[in-house]
Amino acid sequence: MTMHVPATDLTREDARTLFDRWTALWNGELALAAQILAPGFRIHFGGVPSADTDTDTDTDTDAFRGPDEFALFLAAFRDRFPAPGLRYAVDGTPVVESGTGYVVARWTVDVPDVEGAVVTRSGIDVLALGGGRVAEVWSITGARRFAP
């Protein structure tokens, strides 16, 4: 069931700050989960992220709720990758749909493999806001980087 998402009056600068914090969370600043995610936070992946493939049937991300469970998932996910680990970045300027409370942005991730080579992939996240926090996310990761 999708949450009702109120309208937002976020500016582009606010949206960029929100996505910067969301990205920092993905980069391992796990304490941000409690600050930016709503108590009933949910995330929906187009394919569940995994170190080896684009899907991982052992992880049911639809089952967890809230900032604490997401932070635990994210810590375990990040631990699957060799040093220097994953590195996420916002790609472009987030789009704010003030009438619906959605913020959308492209992002990139540098993914190291076991030999140390790095592959850059792209994705898109749609954030639904509620109560001043991220209430729900739909996230799609591609197998390659978006062409410029």
Side-chain angles (χ1 to χ4, degrees), residues 1-3 5 8 10 12-97 101-148:
M1 181 169 113
T2 302
M3 303 170 118
V5 180
T8 183
L10 282 182
R12 283 187 181 185
E13 295 79 25
D14 293 337
R16 179 60 190 225
T17 298
L18 176 65
F19 256 93
D20 286 344
R21 295 181 84 200
W22 173 245
T23 302
L25 174 61
W26 276 92
N27 282 329
E29 294 182 36
L30 301 178
L32 285 172
Q35 297 172 22
I36 68 170
L37 303 180
F41 171 80
R42 293 192 63 194
I43 190 164
H44 311 277
F45 291 106
V48 180
S50 159
D52 301 321
T53 65
D54 288 335
T55 60
D56 180 348
T57 56
D58 294 335
T59 305
D60 182 7
T61 58
D62 291 328
F64 62 73
R65 302 283 187 277
D68 293 340
E69 290 184 19
F70 182 68
L72 289 172
F73 161 78
L74 194 50
F77 173 68
R78 291 189 57 79
D79 284 346
R80 295 178 183 174
F81 293 89
L86 301 170
R87 187 72 191 145
Y88 288 85
V90 179
D91 184 18
T93 302
V95 176
V96 179
E97 177 55 51
Y102 291 99
V103 181
V104 180
R106 293 184 324 260
W107 49 265
T108 61
V109 59
D110 292 334
V111 182
D113 65 18
V114 293
E115 287 85 33
V118 175
V119 175
T120 301
R121 296 181 178 163
S122 291
I124 296 175
D125 282 358
V126 178
L127 281 57
L129 309 180
R133 295 181 180 206
V134 179
E136 198 162 10
V137 173
W138 293 265
S139 185
I140 303 295
T141 304
R144 63 182 183 90
R145 185 174 187 157
F146 290 127

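Other residues, nucleotides and ligands place more than 12 heavy atoms under 6.0 Å from the CD atom of Gln35.
In plain terms, the two heavy atoms of Asp125 and Ile140 that are nearest each other are OD1-N, 4.2 Å. The shortest heavy-atom contact between Gly130 and Ala135 is N-CB, 4.1 Å. Between Leu32 and Ala24, the closest heavy-atom pair is CD1-CB, 3.6 Å. Here the shortest heavy-atom pairing between Pro67 and Ala38 reads CD-O, 3.3 Å. In plain terms, the two heavy atoms of Arg145 and Ser122 that are nearest each other are CA-OG, 3.2 Å. Between Phe41 and Val134, the shortest heavy-atom contact is CD1-O, 3.5 Å.
Rounded to the nearest 0.5 Å, atoms CG (Leu72) and CZ (Phe64) are 9.5 Å apart. Considering CZ of Phe70 and CG of Leu30, their distance stands at 9.0 Å, rounded to 0.5 Å. Taking CG from Leu86 and CZ from Arg80, the interatomic distance works out to 10.5 Å, rounded to the nearest 0.5 Å. Note that the CG atom of Leu25 and the CG atom of Asp20 stand 12.5 Å from one another [nearest 0.5 Å]. Distance CD1/Ile43 to CD/Glu136: 10.0 Å, rounded to 0.5 Å. The CZ atom of Arg65 sits 13.5 Å away from atom CG of Leu37, with the distance rounded to the nearest 0.5 Å.
Checked against a 6.0 Å centroid threshold, the rings of Phe146 and Trp107 do not count as neighbours.
You'll find the side chain of Val126 stays beyond 4.5 Å of the side chain of Ser139, heavy atoms only.
The pair Asp91-Arg106 meets the salt-bridge criterion, with a side-chain N (NZ, NE, NH1 or NH2) lying under 4.0 Å from an Asp/Glu carboxylate O.
One N or O on the side chain of Arg16 and one on the backbone of Gly92 form a donor-acceptor pair closer than 3.5 Å. Under a 3.5 Å cut-off, the side chain of Arg133 and the backbone N or O of Ala34 do form a donor-acceptor pair.
Note: Trp26 and Phe45 have perpendicular aromatic rings, judged against thresholds of 30 and 60 degrees for the angle between ring planes.
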